[in-house]
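Letters go in sequence order (proteins before strands), and every chain restarts at 1.
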Amino acid sequence: MIRKETLLKEMNEHRKTIRVATWKAFKRNKISLLSLIVILSVSALSTVGIVYSPYNPYQPNFSGALMPPSLAHPLGTDWLGRDILSRLIAGGKYTLGLAFVAILIGATIGTFLGLASGYYLGLVGTIIQRVSEIFLILPTLIIAALFAAVLGTGLLSTLLAIAIPTIPVYAKLVHSAALRVRNEDYVEAARLLKKSGPYIMFNHILPNILHVVIVQTTYYMGTGILTVSALGFLGLGVPSPTPEWGTMVGDAKDYIFSYPFVVFIPGILIAVVVVAFNILGDGLREALDPKLRRLL
Amino acid sequence: MKILEAVNVYKYFPIDIFGRKKIRAVDGISLHVASSETLAIVGESGSGKTTLGRILSGLVKPDKGKILYKGSSFNGFHGKVQMVFQNPDSSLDPSWQTYDIVSEAMNNRRKSLDSVAEVLELVGLNPAYITKYPHELSGGEKQRVAIARAIAAEPEIIILDEPVSALDASIRAQILNLLLDLQEKKGYTYVLIDHDLGRVWHISDRVVVMYAGKVVEEGKTEEVFQDPKHPYTIMLLSASTSNIPKPKINVSIQGELPSLINPPSGCRFRTRCPFAQEKCKVEEPQLYNVSREHEVACYNQF
Amino acid sequence: MLEAVVNRMLQAIITFIGVILLVFFLIRVLPGDPARLIAGFEARPEDVQNLRHLLGLDKPLPLQFVDYMLSLLKLNLGISYKTGGPVLNEILARLPYTAELAVVAEAIAVFAGVSLGIIAGLKPRSFAGYLVSIFGIIGSSFPSFLIALLLIWVFAVQLHVLPAFGAGSIQQLILPAITLALLLTGNIARLVKSSVIESLSTNHVTTAMAKGLSDEKIIFRHILRPALSPVITIIGIQFGSLMGGAVITETIFGWPGIGRLMVDSIFSRDFMLLQGIIVVFAVIFLVVMISVEILQTIIDPRYKEVYKMK
Amino acid sequence: MKLLEVEDLSVEYHLPQGKVKALDNVNLTIDKGEVVGVVGESGSGKSTLAHAVIRLVKPPGKIVEGRILFNGKNILELSDEEIRKIRGKEISMIFQDPSSYLNPVYPVGFQVAEVYEAHENTNMRKLNGEVVSLFKKVRITDSEVRVGSYPHELSGGMKQRILIAMAIALKPKLLIADEPTSALDTTIQAEILSLLNELKEEYSLSILFISHDVGVVSEIANRMIVMYAGKVVEEGPAKRIVEEPLHPYTKALVLATKTTRKKKLFSIPGTPPDMLNLPKGCPFHPRCPYAKDSCKEWSYRMIRNHEGGVACAIYENTGSS
C-alpha cells in the first residue's frame, strides 16, 4: 500500500528543492548578490521618489546654484540650484520605470511570438521571423531615435521607442531556443499523447526555455536603461526639465569644464545600475543553468 | 490480424531552399505489423529506418502512401501507437517529475497516484520514484519511466526506436527482459528499430531489412537469419559480433551506405555487392516471395 | 557556392526592401504629418496643402512607395526638406568622416580585444583575465555618452593633451575613436577568451597532443585559428552598436559624420534625409553581413554546408 | 617481454560535488605484440586508464599514485618534452568519436602530415606522397583526393580510418584504442576491427583496446581486463573470460550477450555505481546475486594465478592458487 499523503507531500517538497538549490547557487556568488541589493535599493528609492524627495526637484533656487556636495545637498546642486539628489530620486521613475515597463511589454509580446513561430514552423513562423530580421538590421538606438522622431519626445513615445525594438529581439531568441526544445523526444512523446499545440508550447517548451528569457530580460533591463538615457541625452527622450537621468547629463554637459560633478553624478549612477543588471544577469545565468541540476 | 500497415509510403526531406535536392529517406515501402507480434526493422544508420518508425507512429506524415490502423487510414494521432525513444536524456521533460510525466499519458478520469504507482510497479520502479526529476535518474531508470509513460497511455502498438542502444551493457538486459515481460502480460505489438542483430534475433518474430530507403528482405526472423537471401542481409549477419546464426556463405564487407540524395541506379546495393551484374545497374529488383512469408529483392538466388 | 551567394543576395535584397517598407510607412503612418512638421505648427492649412502636393505627399501611400523605390534604383534618395539639395549628396559628404571613425575604432577594438582575449583565454586567472572583465563591463554597461565625457574630462580638461571637439586632425580623431573602441573591445575580448577556453577543451586538441605536436603548434594551429572565427561574426554583429555609438559620439565630439547628421535631421524634421540615412545604414549593414558570411566560409569550411542547408 | 607495465595507478577527479577515484590501484601489463582488452561500463575508469597511459588526463583529473613503465621508463617522471617525443611516435591513440577528434578547419591529409612534422621535422610540402600511401594502407578509396577533404565531408568510418592512419604513421610500439568502434555501424565496425588485426600483424603492434562491448573485445584481444568502479575485478585470457567468466559482474556482462530466442536474459539488478558515493566493501555487492554479508566489509584483493586473477570474495576460501 502506498503512503498516499506522504508521497504527495514529498512531491511538493521535492519541487521546492530546485528553487532552493537555485537560490543557494546564486547566493554563493557574492558579487551578484551585491548587484541584486544595489538594484533593489535604487528601485526602492525611485519608488519613494514618486511621492517624496527631500527638495522639490523642479524648483529653481538661483542663490544656491552649482554648489558642491555638502551636508544640506549630499550630491550638490545644479546650475538652477536644484538639489541633484532629489532630482535623481524623482527621476528614477522615468529612467528605471520606463525601461522596466517597456522591456516587460516588449519581452512578453516577443516571447509569445517567438514561442508561436518556434512551434508552428509554417508560414506564420516564417513571417514573424522575417519581420524580426528586418527590425534587427537597424541598431536599437537608431530605431528608437526613429520612433522618437516620428512620435515626438515624451513619456509614451520613449516607451514605444524602447518596447517595439525589443519585440523582435525576443522573438528571435525565443524562436531559436524553442526550436531546440521542439526537437526533443519528450515533445514528440506529448504529440503522440494527442496533446494540442498550445498545451505543448506552455507545458513543455516554455518551462524549459524560461531561464533563457529571464536571463535575457535581466541583461535587457540594462540595455533599456542605456537606451532611455541615450535618448534623453540626445534630447529625443523625456524632455527637460524632467529629471530623467540621461536628460540630466545631456542638459549639464556644458558644465564639464567647470563643475564636472553635475555631469558625472547622474552619468555614474546610470552606469552603476546597468553594471548591476549585467552582473546580476551573469549570476542568474549560472544559477539557472539547467546543466547545474545534474550537479545538485 | 494486421494491426498496422504501411502502403507504399514515401518520405523525402528537402535540403536546399528550392527543394531540388532531397534526401530520399523512405522510398516506397509497404509492410504490415500483425497483432501482438514483434516486428524488427534493421539496417545501418542512414538507411531510413528511424524515419519509417516515425511514419508508423504518425509523428511524420508520409509524402505519399497511407498508414492503415486496423484496416482504416488515420489522420493525426489516436493514442494507440506510443513510442520509446533511443536517447533517455531527451525523452523526458527535465522540468517535470516522474508523477507528472507518467500521469500526462492518462486521461483525467484515470489520473491518480494509485494508477501512476501501478504503472511504475509494472516497469519495476517503486512508488517513491514519483517525486524524482529526470536528472535524478540513471539512464536505465529514465528508460523505465519512458516505457511507463508509453504504457500508461494504454497503447496497442509500441514503437521501440533503439530502446537500449544508449544504455550500459549491464542495464540492457534488464530493459529487454522488461519489454518481453510486458508483452507477455499485456499483449502489446512491438515495432523494434535496431541496428543490433543480436537483439533482433533475441526478441523479434519477423524482420524487415532496410537498405537506403527500401526494403530488401522481409520474413520470419528464424527464416531470414538462418537462410538469408539478400547479400546485404548476409553482410549484416557476418559483421555482427553477437551470437546469432552465422551465414553459410561469407559476404565480405566493402564500401559504405550510398548517398540518399543521389542513390545508385537500379539496385541500390549494387555498389557494395560482390554479386552485382549488369542487370542490377539498369533495373531495380522487386520483392518476390521465396517462401510463403519470406520476400527478397535480388536477382541472385542463394 | 555561387548558387549559395546568389541565394544570400536575394535574401538580402528582400530584407532590404523590408527595411525601406518599415521606415517609409513608419514615417508616414504614425501620427505626425511631415508637411505639417516642415511647415511648422503655426502654418496656414493652404500652405501645408501646397507643400504636401509639392512633396508628392498627397498621392496614395503605395504609389509614393513605388515612386521612392523607383528613384532609389536611380540612386536618388530624394530632396532634403531643409537644404533643398539631394539627400544623397548630403550623406556622401558626411560618410567619409563616419567611415574613418568607425574603421579606426574597429581596428583598435579588434587589436586590443583579440590580444587580450587570447592571453586571458590561455591564462584565465591572469591580469589580462581581469582586464577582459573590466573592459567587458565598460563596453556593455557604461552609457557611451559617459565614456565620451569622462575621456574629455581626463584628456582635454585635466591633462590638456587632446582637443575635446572638432574634426580634421589626428589628435581630434583619438578621443572619439577610443570612445567607440571602448564600446566594442570588451565584447570582442570576452568572446575570444571564451572561444579559446572552449577550443582548449575540444577533442581535436587532445588529438593534437596525442600526436606529439609542440605546444606552439597546438596553440596557433589548433586553438587560436578555430577560436578566431567568431571574431569575424562579431564584427558584423557589432556594426549595429558601432552605428548607435557613432550617433552619440559624433554629437558629443562635434564630429561631422552621418550619426550627427541623423540627429540633426530629426531635430529639423527633415524626414527625407532621415529616411535616406537609414536606407544607407541598411545597405552598409547588409553588405557587412554578407561579407562576413563569405569570409566565414573561407576560414571555416563547415560553413559551406550551412550555406547549402539554408 | 613487457612493453607496458602499469603499477598501482590511481587517478582522482576533484569535482565541485566531491572527489571521484576514477582509477583505484590499477595494475596492468602488455607484452610486445599483445592485444589487451579493457572492458567496463561508463564510469568504470577505462577511458581514464587509456588517457593516463599517454599522460593526457586533463584537469580536474590528476594522477595521484603509481608508475607507468613503458620500455622500462616511468612515463610519469618524464619531462614534458620527453613525453611529447613519445606521443604519436612510440605510443599513439585513437578515439571513440572520430568526428570531434579531427580539427574541422584543416584538410585531413594535413592533419596526418602533422605527425611526421612533429617528430621528423620534415617539410610539410614533401609529405603528400607518404600521406597518400598511408591512406591506401588503411584502405581509404581515392586516397589522392581524400587527403584534401575536410572532416565534415567524410563518413564516420572514413574518419576513423584517418585517425588510424595518423596513429600508425610512425609505426608506434603501442596503440591505445579508446572505444574505436562504438560510434560506428556494425558493418563499419567489422571492417575497422579487421583493419586493426591486419596492422597489428604487419607492424607487430601492441594494442590496449578499450570497449564496453565484450563481444567486440573478444574479436581482437588476447587478454582481457574487466573494470568496475575504477578497479580491476577480473583479468585473464580473453577466451577464458568469455567462456568461463569468474567474477559475478563479468558473468553478467558475458551472459547478457548470449541471446537466445525469446528467452529472458541473465541480468543483474541495480544501476552502475555512483562514483561519488561508492558502497563500502566490494563496490559490486549491492548488485551481486552471490553477495554475502561479509562482502560489505571485504577489502579489495586480487586473487591471482599464472594467467590472471579475480577480485571477489567467493573465490577467497576455495584456496584458488
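Between chain D and the residues B/Ser252, B/Gly140, B/Ala169, B/Gly255, the most heavy-atom pairs under 4.5 angstrom are made by B/Ala169. Most heavy-atom pairs under 4.5 Å with chain D: of the set B/Glu141, B/His195, B/Glu222, B/Gln254, this distinction falls to B/Glu222. Between chain D and the residues B/Thr38, B/Thr221, B/Asp196, B/Leu257, the most heavy-atom pairs under 4.5 angstrom are made by B/Thr221.
When heavy atoms are compared at a cutoff of 4.5 Å, D/Arg287 approaches chain B solely by way of its side chain, counted from C-beta outward. At a 4.5 Å heavy-atom cutoff, the contact between D/Thr187 and chain B is made by backbone and side-chain atoms alike. Residue B/Val42: no heavy atom, backbone or side chain, is found under 4.5 Å from chain D. Of the two parts of D/Glu41, the backbone and the side chain both hold a non-hydrogen atom closer than 4.5 Å to a non-hydrogen atom of chain B. If you measure heavy-atom distances from D/Ile268 to chain B, the contacts under 4.5 Å come from both the backbone and the side chain. For B/Ser242, no part sits under 4.5 Å from any heavy atom of chain D, backbone or side chain. For B/Leu176, the part lying near chain D is the side chain, with the backbone staying farther off; criterion is any non-hydrogen pair under 4.5 Å.
Put simply, the side chain of B/Ile171 reaches to within 4.5 Å of the side chain of D/Pro272, judged on heavy atoms. Contact of the B/Glu256 side chain with the D/Asp185 side chain is not registered, since no non-hydrogen atoms from C-beta on lie closer than 4.5 Å. Annotation: side chain of D/Lys263 is not in contact with side chain of B/Leu180 (no heavy-atom distance under 4.5 Å). In this structure, D/Thr186 and B/Leu197 have side chains that are not in contact, with every pair of non-hydrogen atoms separated by 4.5 Å or more.
The number of heavy atoms from other shown groups lying within 6.0 Å of NZ (B/Lys246) is above 12.
Here the CZ-OG distance, from D/Phe266 to B/Ser170, works out to 11.0 Å after rounding to the nearest 0.5 Å. Rounded to the nearest 0.5 Å, atoms OG (B/Ser240) and CD (D/Gln189) are 8.5 Å apart.
Side chains of D/Ser267 and B/Arg172: no donor on one and acceptor on the other come within 3.5 Å.
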Could you please spell out the steps behind the side chain to side chain donor-acceptor pair (under 3.5 Å) verdict for B/Thr241 and D/Glu219? CA-CA 8 Å; B/Thr241 54; D/Glu219 298 266 308; 5.7 Å; no

Are D/Lys262 and B/Gln183 close enough, and set up right, to give a side chain to side chain contact (heavy atoms under 4.5 Å, CB included), and what steps lead you there? CA-CA 11 Å; D/Lys262 294 277 178 181; B/Gln183 189 173 40; 4.1 Å; yes

Determine, step by step, whether D/His212 and B/Asp168 satisfy the side chain to side chain contact (heavy atoms under 4.5 Å, CB included) criterion, reporting the C-alpha distance in whole Å, the side-chain angles of both residues, the deciding distance to 0.1 Å, and the verdict. CA-CA 8 Å; D/His212 66 276; B/Asp168 272 316; 5.6 Å; no

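Along residues 227-248 of chain D, no residue comes nearer than 4.5 angstrom to chain B, judged on non-hydrogen atoms.
With hydrogens and angles ignored, the 3.5 Å screen pairs a side-chain donor or acceptor of B/Asn177 with a backbone N or O of D/Leu265.
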